[in-house]
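Below, chain A is the first sequence line, B the second, and so on; all start at residue 1. Atoms considered below: every heavy atom in the structure, side chains included; atoms not considered: hydrogens, waters and symmetry mates. Keep in mind that what you see is a predicted model, and the values were worked out from it rather than measured.
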Amino acid sequence: AQSVTQLDSHVSVSEGTPVLLRCNYSSSYSPSLFWYVQHPNKGLQLLLKYTSAATLVKGINGFEAEFKKSETSFHLTKPSAHMSDAAEYFCVVSEDNYGQNFVFGPGTRLSVLP
Amino acid sequence: ETGVTQTPRHLVMGMTNKKSLKCEQHLGHNAMYWYKQSAKKPLELMFVYSLEERVENNSVPSRFSPECPNSSHLFLHLHTLQPEDSALYLCASSWSFGTGFAEAFFGQGTRLTVV
């Protein structure tokens, strides 16, 4: 069975400093991996997805993630945090390509301090 | 706008009421989903419809009843709910077969409060 662990429930950074949100997964197969963001009282928006073509994936708003099979990790990074990045971030694993088998992590709340 | 629209955005209902949540997708997808998002819990997949047929029902109580009349519309009928059913209910859509990767697109959710 697949599962996702997000190691930090809350991360706080200062504006302009780097962001690192950690995600580890467990999967019996070669997984699909996604990061979603949820702003307060909003739905989820896709930030980026791992398609197996490249291990370093670039997403929207300057975010990127690196797939490391040996570490079973898919950490999300951004070089410089912006106030608008404050939100909840979800790492998602799927053992096929489609949403029917999405497994969501518990989420990491990112706070950005001025 | 994500292409997935949910109504209403907020709903307060008594435990004896009957209400319905509506979801509409304008993306041409063939799969639709209901998720429940409660505080301090991971998102829970409630129902999946692929090509208008239900393919997943994760042991959801019968007081929640889904309906998918066509590939663009999805309803969640609610009756005799409990206070612990208060949550954000999210609808999503995606492709369910084909090539490539098909991420799910989410609506903005319905915030349900059961009193």
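The shortest distance between side-chain heavy atoms of A:Q38 and B:L88 falls below 4.5 Å. B:L45 is not listed as a side-chain neighbour of A:V103, based on a closest heavy-atom distance of 4.5 Å or more.
Taking CG from A:L44 and OH from B:Y35, the interatomic distance works out to 9.0 Å, rounded to the nearest 0.5 Å. Rounding to the nearest 0.5 angstrom, the gap separating the CD atom in B:E103 from the CG atom in A:L47 is 11.5 Å. Atom CD in B:Q108 sits 10.0 Å away from atom CD in A:Q45 (nearest 0.5 Å).
Here B:Y33 and A:F102 keep their ring centres 6.0 angstrom or further from each other.
At a threshold of 4.5 Å between side-chain heavy atoms, the hydrophobic network of Ile, Leu, Val, Met, Phe, Trp and Tyr places A:L56 and A:L46 in two separate groups. One hydrophobic cluster, built from ILVMFWY side chains closer than 4.5 Å, holds both A:V19 and A:I60. Cluster annotation: A:M83 and A:L20 are assigned to distinct hydrophobic clusters (Ile/Leu/Val/Met/Phe/Trp/Tyr, side-chain heavy-atom contacts under 4.5 Å, transitive).
Residue B:Q82 places its CD atom among more than 12 non-hydrogen atoms of other residues, nucleotides or ligands, all under 6.0 Å distant.
Checking side-chain atoms of A:Y36 against main-chain N and O of B:F106 turns up no donor-acceptor pair under 3.5 Å.
Of all heavy-atom pairs between B:P42 and A:G105, the closest is CB-O, 4.2 Å.
Membership of the apolar cluster around B:L21 extends to B:L11, B:M13, B:M15, B:M32, B:W34, B:M46, B:F47, B:Y49, B:V60, B:F64, B:L74, B:L76, B:L78, B:L81, B:Y89, B:L112, B:V114, as traced through chained side-chain contacts below 4.5 Å between ILVMFWY residues.
Of the atoms belonging to B:Q37, it is side-chain heavy atoms, and not backbone ones, that fall under 4.5 Å from chain A.
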